[in-house]
Structure formats: structure tokens, C-alpha cells
There are 2 protein chains.
Amino acid sequence: MERQRVSIFDVARAAGVGVATVSRVLNSSPRVSPTTRARVEAAIEELGYHPSRLASGLSKGRQDMIAVLVPFITRPSVVSRLEGVIEVLDKSGYGTTLYSVASLSQRDRHLEYLMDRHASVGVIVISIPLSREHIASFRANGVQLSLIDTAGEDVPHVVVDDRVGGALAGMHLIGLGHRRIGFIGDEDLSGLGFASSYKRLTGLEDALVSFGRSLDRELIRLGPHGATTAKEMADDLLRLGNPPTAIFAASDTQALGVLRSAQANGLKVPDDLAVIGFDNLEVASIFNLSTIAQPLFESGVEGAQRLLCQLEGREVEQVKKVLRLELHARATTIRSAVGPMGTGLQRQLSAYV
Amino acid sequence: MERQRVSIFDVARAAGVGVATVSRVLNSSPRVSPTTRARVEAAIEELGYHPSRLASGLSKGRQDMIAVLVPFITRPSVVSRLEGVIEVLDKSGYGTTLYSVASLSQRDRHLEYLMDRHASVGVIVISIPLSREHIASFRANGVQLSLIDTAGEDVPHVVVDDRVGGALAGMHLIGLGHRRIGFIGDEDLSGLGFASSYKRLTGLEDALVSFGRSLDRELIRLGPHGATTAKEMADDLLRLGNPPTAIFAASDTQALGVLRSAQANGLKVPDDLAVIGFDNLEVASIFNLSTIAQPLFESGVEGAQRLLCQLEGREVEQVKKVLRLELHARATTIRSAVGPMGTGLQRQLSAYV
DNA sequence: TTGTATGCGTTATCAT
DNA sequence: ATGATAACGCATACAA
């Protein structure tokens, strides 16, 4: 048999006060004398009382919940960001609700629900582009918004410059003498409009153009995100009559597939093929993979803090916050004593952007 | 300015009916005539009405929310499970709330909150051991429970037999002629009581004992989960006067670290050192890593389905569901034409358990 | 089949 | 400083 819920009324009776006083104690209002406060707190402890968020939310007209909208929770980069978000939210007193979206319809369904102030006070969106209308609706409904890895007009967002990141990778490879540079990136099958892979490619083009060269369409392969498909695309590239001498992968996960392809094809890295990724996941340092590092966890922390900031009524000082990218040149682009899996001297050319 | 919320009352007025009728339509009660139903639905559409989960929950005495308790969201294995859970929950009509726990105090805080029927109708716990008292409390409060990768008396749970998995790995290595087998696993710093690493070690011991041998404590290293620390532990093992000829890592992530260590130390895999992992993450197939495969995503799907089953009032047919483990013998234990990173013949000895 | 009225557990507005 | 009471939006027992 389920025990009866102990309500604010029970506490009030036990403490010999009115419900309003108990409510004041709960919300730490200053307008209550120390003695009664103590009595109430004792009663709360005694009865093992827990306030109902439901009732509180209904009464206040909004729920003390923060929703987090994420795509493809399988991707390590998304998970790292989410981790940062949770870290902050967890000690904030707000509950965290997770909404995973993998398709347009799912996105719209979730967004429509989240517009409701009864659902959450604030929403954190990770890597999912929002339309002007979406943002306007949130605003109209009084639901705060904080964006991570995606931009939005007049909405606090924390991003990196993917295009600059791509250029960084390109410059690095060009500086090493590479002229035929392949690219392996994402094809956006979901229709959600992920742009980071494309932006990184554009950055690569920037780098090439600045050296009087241009992007070779033949050396570009786009496909579903993942190491396995990346390997297949790299195989494809390496089978070309005039294959690339370097490959820039839009993520470390994909770079792993490229690495795998190189070895399967008997190519030495970085001599026969140079490889650079993006993200700087743990696996990158393990495999001595050159990469463009971006602060994933920090982006989550930052995004969550900015939402909390708004909820406290403070203005976010810097609506658009750009996090730094950093080139980590390791053994898959730079020859060292021991090769890409070795422990040789690991040069970290940190190019701060 | 925030627009006024449209409530069930507005809909009732617009449709010229009572609120109860609207409520019946919303909850698809059969006790409403087709014509009025149509009128009400039209009004709902017209006004863009969305029922408030808050109010509904308060009225019903419980929220249509399902909480998911997860540890270390960074681990790919946990993420895969969570992915499965979300996949199912997402099309169930319930909301999904995520609670991440990394410490004992965090676990207790979250559990205490989740006991509340106002917080959620059901709770899914991933990989976190629950005490008898915890389980009893959930039951007393009428909150349904479903466990994944952790056991519980009389509570539906889906698990694998980690000990058998360890034995499987052990038998495989022993069968290949290895006698000095090292183990690299997790040290449970959190105090939460994760046991899978330990169970896998016990399984390895079972295998050794069945061959008249015993576990060599000298060859065991436990440390914080991660590829980097695993590499360090492997380095340590390989520096031994009489180093192991094979290493069983408690997870693929850790096996990656071992692989890295082997190459850094100039050891050929699998000739100088055989390596086997656990989980069969995507990275395992990419790197041709031998491993004990467990159905991670499926465990999430199964766990979520079992909770939904209970919520529909049906009994879960099989309280303890054991998922199958499978040995994938690949190039890090079995010599092939191209070695661990190659694409040679990939034998998959599937030992169903 | 449909409408009325009450309760769910809080917060907030009044009084006192 | 404190207490009584009206919302909050919905579900449901009861009445019609």
C-alpha cells in the first residue's frame, strides 16, 4: 500500500503555523522569525516532507525544469558538451530534461512542446540550428534560451569558428607541402541543417585559395557520420589515380576511419598520407592524431551558465561567445621518431585563434 | 509581452461544451459522441491548445515523466544504453528526465527525489547498484522501476553475465596458448559499487582455474576508467621482468590504451602481445580489436520496454533477463595476414552464451 | 452522453 | 510576522 503524501498542510499543522509560513520557509523568505522558522524546519525534517515541484510549478505558472535539446547522442562531441551542461545544471536546483532529436519532425514536435512555459523555464539547444520563428516563439512564451554550437539572433550562444578551424587545418597541411588535400565530412541526411562539416570544408578552401590554389571537388567525400563510413570514403579516395597526400577529416571519429584506411592500404602515416581531424577527443591523443581542438566540455558549461544567468534576471554580457580553436599537430601530420602510434616527441603547435 | 495561456476552459467555451468533455476528448475516453468530439478537436486546433502536463500531473497525482539515472555519461557503453532507452521512451508519450550521478551523495540525492510520485511514474536505472532499501522505497511510493546492467530483487532487470564474459575472454586467450595473462580494469573510486570490471576479472580467474592455473596478482592493474590511464597501466605491466603475453582489458576503451602501449613499446600484436577488450564498440571493429560483444543499445531498448510494460499494468514476464555475450575474435588475438590494423580475413568466432 | 463541482499541493494576495 | 484564501489547469466523481 502506498503511503499518503505529506503536504505542506501537514507540516503547517505539525508546526502549529499556517501554510503560507511554511511556504515562506521553503522559499527562504526573509519575512519569517527565526523561532518559527526553526519550528517549521523541525516539522519538515520530522515528517520527511518534500515539496511537490508539480504543485509549485502550477502555482507559479512555470516549472523549475531546464530542457536540453540534443542531436545524435552517440557522437562523442555532443556527449562532451552535454556532460558540461549537466555538470552545471546539476548543482543549480533545476531539473534537467533531455530531448533527443534525430529528425525534422522530432525536432518540431519537441520544440512545440518546449515552447510551453509549463514544460520548462529555459531550454538549452546543442548543435541544432533554430529558425527565426522558433526563437521568436520562445521569446513570446517567455521561455529563456541558450544555444551551444549553433547561432541565433539576439540569443546567447557559444560557438567556435568552424571555418577558421578548417582554415587552420588547411594551412597546417599546406605548410607541410601538401597540395592534394582530401576532405571527408558529414552529409546531413537528417535535414536538420548541421553546418559545421560544411564550414570546415569552406575553411579548407579559404586556406587553399590564399595560396593560389583551389578546392578539388574530386577529393571531397561526404557521408553519414561514423568511423566505418569514413574508412570507406577514405578507401575510395586512396584508390584514385592521383590520390591525395593528405586528408582532413571533419571529426576525430572520421579521422580514425581514415587512419584505418591508410594502414589497410599499406600507406605510411604521415609520409604517404597525412591525416588531421577535428575535436581533440581522448582518442586523438591516444593515437597521436593531429587535430583541431575545440573546448567541448567547456562549451556545455558555458552554455548552461548563460542560461542560469538569464534565469536570474541578469543580462548575458556577451550574446555571442566564441570559444578558441587550437591546432594540435601530432604524429599523423608531422614525422617523428616513432610514427603515429608511437610515443615520440609530440609537438603541439598551439595556434590560438 | 507573453501571451495568455489557453486552458481547457477556453477550449470548452469555444466548443460550447463543458471542461469535462474536453478532458475526455484529450484522454480519448470512449464516452463522448463523435460529433462533439469533432467540435472539441476543432476548437483545440483553432486555439492552438496544449494541455499542461503540470496541471494534469497534479490532478492525477503523478507526472507522466520517466526518469533515467545514469553514471558517467562519458562512457560509450553507458551512452549506447541510454540511446536505446531514449529511442523507446521517445515514442511512448512519456517525457524523459535525465539524472547523472558520479558520486554517492549525488546518487542519494537523486534517488530521494525520484521516490516522489510527483516526480515521475517510473525510473530506469543504468549500471548503478541499488540497495534493498532503495528498492523497497520505490515500491512503497508506487514508483515503477526497471534496471539495466544492474540487478535487484523482484525488480525487472536486464543484464549480461560479466563473469561468463570474463571466462570467455580467458578461455580464448588460454586456448591460444597464453599462460601469463594480464588484466586491466576499473577501480571504483566513486563508491557506487560498480562490479562489472571485477566480475570480468573473476571470470578470467574461472578460466585459468579450470585449466589448473591461477590468477597472478602481479599482472592485475586497476585504475580510473579511460584509455590514457589504461595505457599507463599497460606500460607498467609490460615493463615487468616477466611481462604478460596477453592482456584482457575490461572495456574496449581500455583495450585501446593497451594497444597504444604495445606499439609504443615496440611489441607486435598479437605475436608479442595479444589484446582483448569488452563491449564491441564501433572502435573495436575499426581497429580489428578482439572483444567480448554485449548488446548495449538493445539493453536500453529492453529496459525501457519493460518499464512501459509495467506502467501499462502488465506483468513483466521475465524479471531477470540475461542478454547474450559473444566472442569476436579479431586481429588483436589471432594472427592474420595484415595485423591488427589491417583488413585481412576477420574471423568471428561467435560463442553464444 | 454531458455538465458541475471538488481536489491535487503550492504560491501569492490580501488581511491582521 | 503571520494566517486565511484565491488562483494555477486539469481529472474525475457525481449529478443530470
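Note on naming: letters A, B, ... go to the chains in the order of the sequence lines (proteins, then strands), and numbering restarts at 1 for each one.
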| field | Test side chain to side chain contact (heavy atoms under 4.5 Å, CB included) applied to Gln144(B) and Leu307(B), Val123(B), Val121(B), Val155(B), the passing residue | value | Leu307(B)
| Does the side chain of Ser131(A) come under 3.5 Å of the side chain of His134(A) through a donor N or O and an acceptor N or O? | yes
| So, Asp154(B) and Arg132(B), do they make that salt bridge, N to O below 4.0 Å? | no
| field | Pair Asp186(B) + Arg75(B): basic N to acidic O under 4.0 Å | value | yes
| Ala55(B) side chain: which of dT10(C), dG9(C), dG9(D) is closest? | dG9(D)
| remark: The nucleotide from dA12(C), dT10(C), dC8(C) with an atom nearest the side chain of Leu58(B) is dC8(C)
| task | Answer yes or no: is there an ion pair linking Asp116(B) with Arg53(A), defined by an N-O contact shorter than 4.0 Å? | result | no
| query | Within this structure, what is the NZ-to-C1' distance between Lys60(B) and dG9(C), rounded to whole angstrom? | reply | 17 Å
| request: Establish, with yes or no, whether the OP1 or OP2 oxygen of dT2(D) is under 4.0 angstrom from a side-chain nitrogen or oxygen of Thr36(A). | output: yes
| Atom CE of Met65(A) to atom C1' of dT10(C): distance rounded to whole Å? | 16 Å
| Once you round it to whole Å, what is the distance between C1' of dT10(C) and CG of Asp64(A)? | 12 Å
| said: Has Asn27(A) got a side-chain atom pairing as donor or acceptor with Arg24(A)'s backbone, closer than 3.5 angstrom? | reply: no
| Ser59(B) side chain near dT12(D) phosphate (N/O to OP1/OP2, under 4.0 Å) | no
| said: Among residues 16-27 of chain A, which ones have heavy-atom contacts with DNA chain D below 4.0 Å? | reply: Gly16(A), Val17(A), Gly18(A), Val19(A), Ala20(A), Thr21(A), Arg24(A)
| task | Answer with yes or no after comparing the ring centroid distance for Phe9(A) and Tyr49(A) against a 6.0 Å cut-off, counting only values under it. | result | no
| task | To the nearest 10°, let me know how far the axis at one end of the helix from dT1(C)-dA16(D) to dT16(C)-dA1(D) is tilted from the axis at the other, five pairs an end. | result | 40°
| For atom CZ of Arg13(B) and atom P of dC10(D), their distance in whole Å | 13 Å
| request: Flag the pair Arg306(A) / Gln318(A) as yes when at least one side-chain heavy-atom distance between them is below 4.5 Å, and no otherwise. | output: yes
